[in-house]
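Only one structure is covered here, and it is reproduced in the block below.
Heavy-atom basis, side chains included; hydrogens, waters and symmetry copies ignored. For the single chain, residues carry numbers from 1 onward in sequence order.
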Amino acid sequence: MMDQNHHSDKTEEAQPSEKKTTRNCCNGFKMFLAALSLSFISKALGAVIMKSSITQIERRFDISSSTVGLIDGSFEIGNLLVIVFVSYFGAKLHRPKLIGIGCIIMGTGSILTALPHFFMGYYRYSKDTTFNPSENSTSNLPTCSINQNLLPNRTSLEVVGKGLEKDSGSYMWIYVLMGNMLRGIGETPIGPLGISYIDDFAEEGHSSLYLGNLLAVTMIGPIIGFILVSQFSKMYVDIGYVDLSTIRITPKDSRWVGAWWLGFLAAGLIAIISSIPFFFLPKTLNKPNKEKKASAFSVSLPMKNEEKSQMASLTKTGQNVTDTVTGFLQSLKSILTNPLYVLTLFLTLLQASSHIGSITYVFKYVEQQYGNSASETSILLGFISIPSLAAGMFTGGFIVKKFKFTLVGIAKFSLCAHMTSFLFHLINFALICENKSVAGLTLTYDGNTPVASHVNVPLSYCNSDCNCDPTQWEPLCGSNGITYMSPCLAGCTSSSGSKKSIVFHNCSCVEENGFQSKNNSMKLGECPKSDDCKRKFYIYIVVQILTLFSAALGSTSNIMLIFKNVEPELKSLAMGFHSLTIRTLGGIPAPIYFGALIDRACMKWSINNYGKQGSCRLYNSLLYGHTFFGLTTGLKFPALVLFVVLIFAMKKKYQGKDIKASENETKAVNEANSGPLINDAKVDHETHI
């Protein structure tokens, strides 16, 4: 009896100690979850700001779309540099501190991206404009001056800008590339190590809930990003340095550059702040029944006796199948000789390449095709994509769970979702706007006759004696709805007013009612898009919502197919190799070849002070649209064909078997989520953010 009382007392004494340990563990875990949520928000914020600022960067540094594509792909290059280190050593080191270091590197990369702004001098949107902080902006727009020697004008244009102004087309963009690469390096450990830490130390059965909440909170990042980019794009790039009343271009001008650098500074500071809590967290948290959980999960996986003994041995030593070279090569051979995995790998590579290229240049497409400003485009695409994707993913997950699809059923559902998305995508071809009427590019300089090619259009009688600079881009809109490339090429002989209100007179190339008139007046700025194009824009918005929603329906199913068609012990390697393939063959080259082909649609290039080609001022709308959607369609269609082949192959393999998505397999999804693809920037790519 006394022994029993003594045992009871000891138990009561032990209970407060256990409660204290549990409370400390929970507090540490909650702190980690909060810190990880902030780091995920900053990660998504940085990704959205980079994607939304592509056009601004292209104009500011006077570079082509293919060069911007290389800058965008540098994120994946940075990720690949450290992904092996993180995958191998991450779980063995202090994971919270490693995540904190990653956040600091990520923030440093964002700040480095913004630094060129402070060293490049003032942005010159025109050859004939120069800024001096102690003086007002001076405008010297050449008009038609008959019998005037052109050479002195060109010489004067070359010397303008020496001193305070530095050439926008210099190699300062390399700092942006390096900053984006650093951002890729910093983001690598955040996803896989953060999610694996949650899975290791969360309460039994709560991992899925925490991961769901984490991904939901992450959506705050893109929302903030789109709002920030929208506001900063309205501000002139050199705000605070120049007199804004002297700027004669507007945000809808093809030369406008907003305060792109402010977004990267904000993202960098938030990333660095998010790193602080991680340095105060322990390497491990005490978790009861951890061994029980691990063993229960391992028993639930159907394996042969030989495989069970092998896995038990590996569990004791804390290693997995890929820790030895021999085991790694055998495992790699196993997944690469699995036809179902290889088919899934190739079709997801095609889909990811299409998504990556589309996301990179969709902002630019909307600006160029429909005449929207960068600010309008950012806020609009942000607020149609986020709800559409969230609703699609939620609905897709609900349908799979509700109807308890077999593995073949999951593949069929994913095919139907992507087929529907593809059909909606094809509607975009009918929503491409006609080319603008531009004298000297789509029409002769007198505006009377369409031209077969925009290259070397001969001067007309109305401006042949004006000695104009053919490289100048200072567009004016005539009362006849035709855009003219410069006051000189429009035949204007005089001007009045200043700054934004400047008016050009006696423009002889402008024809009204079939007659040439020398009394026509014109104001600066391109002619607006036609009413038909504006109507197409509203339809385009609806089509994008339907396309994004239907594509998101099958996103979860795609992830499940990657690892469900391999042996359970090989799922981590399968996800890792899939991530490596997508990043290497999709994330890096897709923005480059998309940009190179889009460059071919350019009709008017800027020319910098050294006579080199800069950024594009005006695109052939038809060619741009057909190239952009032709590329995405050319990648999506073969993926659908491979999907059909995959379903037939799965039917043949699983014929007569009823393979359900069990709870253990659902848990495997969460563990697979620790793979780099799901948790790094490809989440943004595959969800069209």
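To the nearest 0.5 angstrom, Leu115 atom CG is 11.0 Å from Trp261 atom CH2. Annotation: the span from Leu228 atom CG to Ile270 atom CD1 amounts to 7.0 Å, rounded to 0.5 Å. Residue Lys436 holds its NZ atom at 8.0 Å from OG of Ser621, rounded to the nearest 0.5 Å. Rounding to the nearest 0.5 angstrom, the gap separating the CG atom in Leu350 from the CG atom in Leu635 is 6.0 Å. Interatomic distance, Leu381 CG to Ile541 CD1, rounded to the nearest 0.5 Å: 6.5 Å. Taken to the nearest 0.5 Å, the CD atom of Glu187 stands 9.5 Å off from the OG atom of Ser39.
Here the shortest heavy-atom pairing between Thr633 and Pro638 reads O-CD, 4.3 Å. Across all their heavy atoms, Phe226 and Ile379 have their closest contact at O-CD1, 4.1 Å. The minimum heavy-atom distance between Ile588 and Ile77, with the atom names listed, is CD1-CG1, 3.6 Å. Between Gly268 and Ile111, the closest heavy-atom pair is CA-CG1, 4.1 Å. Nearest approach of Ser354 to Phe594, heavy atoms of both residues: O-CZ, 4.4 Å. Counting all heavy atoms, side chain and backbone alike, Tyr445 lies closest to Ala439 at O-CB, 3.8 Å.
When the options Gln368, Lys604, Lys364 are evaluated for a side-chain hydrogen bond (donor to acceptor under 3.5 Å, both in side chains) with Tyr619, the one that passes is Lys364. Among Asn435, Thr442, Thr627, the one residue that satisfies the side-chain hydrogen bond (donor to acceptor under 3.5 Å, both in side chains) test with Asn620 is Asn435. Each of Cys477, Cys492, Cys509 was checked for a side chain to side chain contact (heavy atoms under 4.5 Å, CB included) with Tyr484, and the lone residue meeting it is Cys509.
Counting only heavy atoms from C-beta outward, the side chains of Leu441 and Val457 never approach each other to under 4.5 Å. You'll find the side chain of Phe61 stays beyond 4.5 Å of the side chain of Ile174, heavy atoms only. Counting heavy atoms from C-beta on, the side chains of Val176 and Pro116 come closer than 4.5 Å. In this structure, the side chains of Ile57 and Trp260 come closer than 4.5 Å at one or more pairs of heavy atoms. Looking only at side-chain heavy atoms (C-beta outward), Lys536 and Ile432 stay at 4.5 Å or farther from each other. Taking 4.5 Å as the limit, some side-chain heavy atom of Lys51 sits within range of a side-chain heavy atom of Thr360. Residues Glu434 and Cys533 fail the side-chain proximity criterion, which asks for heavy atoms closer than 4.5 Å. Put simply, the side chain of Thr444 does not reach to within 4.5 Å of the side chain of Ser460, judged on heavy atoms.
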- Give the intermediate values and the outcome of disulfide (SG to SG under 2.5 Å) for residues Cys616 and Cys602. CA-CA 6 Å; Cys616 188; Cys602 184; 2.0 Å; yes
- Please walk me through it: do Trp173 and Met120 pass side chain to side chain contact (heavy atoms under 4.5 Å, CB included)? CA-CA 10 Å; Trp173 60 266; Met120 288 183 66; over 6 Å; no
- Kindly determine whether Arg248 and Glu474 satisfy salt bridge (Lys or Arg N to Asp or Glu O under 4.0 Å), including the steps that lead there. CA-CA 10 Å; Arg248 64 173 181 263; Glu474 197 70 50; 3.1 Å; yes
- Task: Could you go through the side chain to side chain contact (heavy atoms under 4.5 Å, CB included) check for Leu177 and Met181 one step at a time?
- Result: CA-CA 6 Å; Leu177 184 146; Met181 188 182 295; 3.9 Å; yes
- Could you go through the side chain to side chain contact (heavy atoms under 4.5 Å, CB included) check for Leu489 and Leu459 one step at a time? CA-CA 8 Å; Leu489 289 171; Leu459 295 175; 3.9 Å; yes
- Residue pair Ile104, Thr108: steps toward the side chain to side chain contact (heavy atoms under 4.5 Å, CB included) verdict: CA-CA 6 Å; Ile104 291 176; Thr108 304; 4.1 Å; yes
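Between the side chain of Ser233 and the main chain of Val229, a donor-acceptor pair closer than 3.5 Å is present. Although no hydrogens or angles enter the test, the distance criterion places no donor-acceptor pair under 3.5 Å between the side chain of Asp253 and the main chain of Thr250. For Arg59 (side chain) and Ser254 (main-chain N/O), a donor-acceptor pair under 3.5 Å exists by modelled atom type. In this structure, the side chain of Ser358 does not engage the main chain of His355 through any donor-acceptor pair within 3.5 Å. Here the side chain of Asn372 pairs no donor or acceptor atom with the backbone of Val366 at under 3.5 angstrom. Proximity of a side-chain donor or acceptor of Thr483 to a complementary backbone N or O of Cys527 within less than 3.5 Å is detected.
Disulfide criterion (SG-SG under 2.5 Å) for Cys488 and Cys466: not met.
When the shell of 6.0 Å around CZ of Phe429 is examined, it contains more than 12 heavy atoms from other residues, nucleotides or ligands. Counting heavy atoms of neighbouring residues, nucleotides and ligands inside a 6.0 Å radius, atom CE of Met178 does not exceed 12 of them.
Judged purely by distance below 3.5 Å, without hydrogens or angles, the side chains of Asp469 and Ser486 never pair a donor atom with an acceptor atom. Side-chain atoms of Ser373 and Ser375 include no donor-acceptor pair closer than 3.5 Å.
Aromatic ring orientation, Phe537 versus Tyr540: parallel (interplanar angle below 30°, classes split at 30° and 60°). Taking the six-membered ring for Trp and thresholds of 30 and 60 degrees, Tyr365 and Phe629 have ring planes more than 60 degrees apart, a perpendicular arrangement. Using cut-offs of 30° and 60° on the angle between ring planes, the pair Tyr236 and Tyr123 is tilted.
The existence of a salt bridge linking Glu526 and Arg255 is excluded, since no basic side-chain nitrogen approaches an acidic carboxylate oxygen closer than 4.0 Å.
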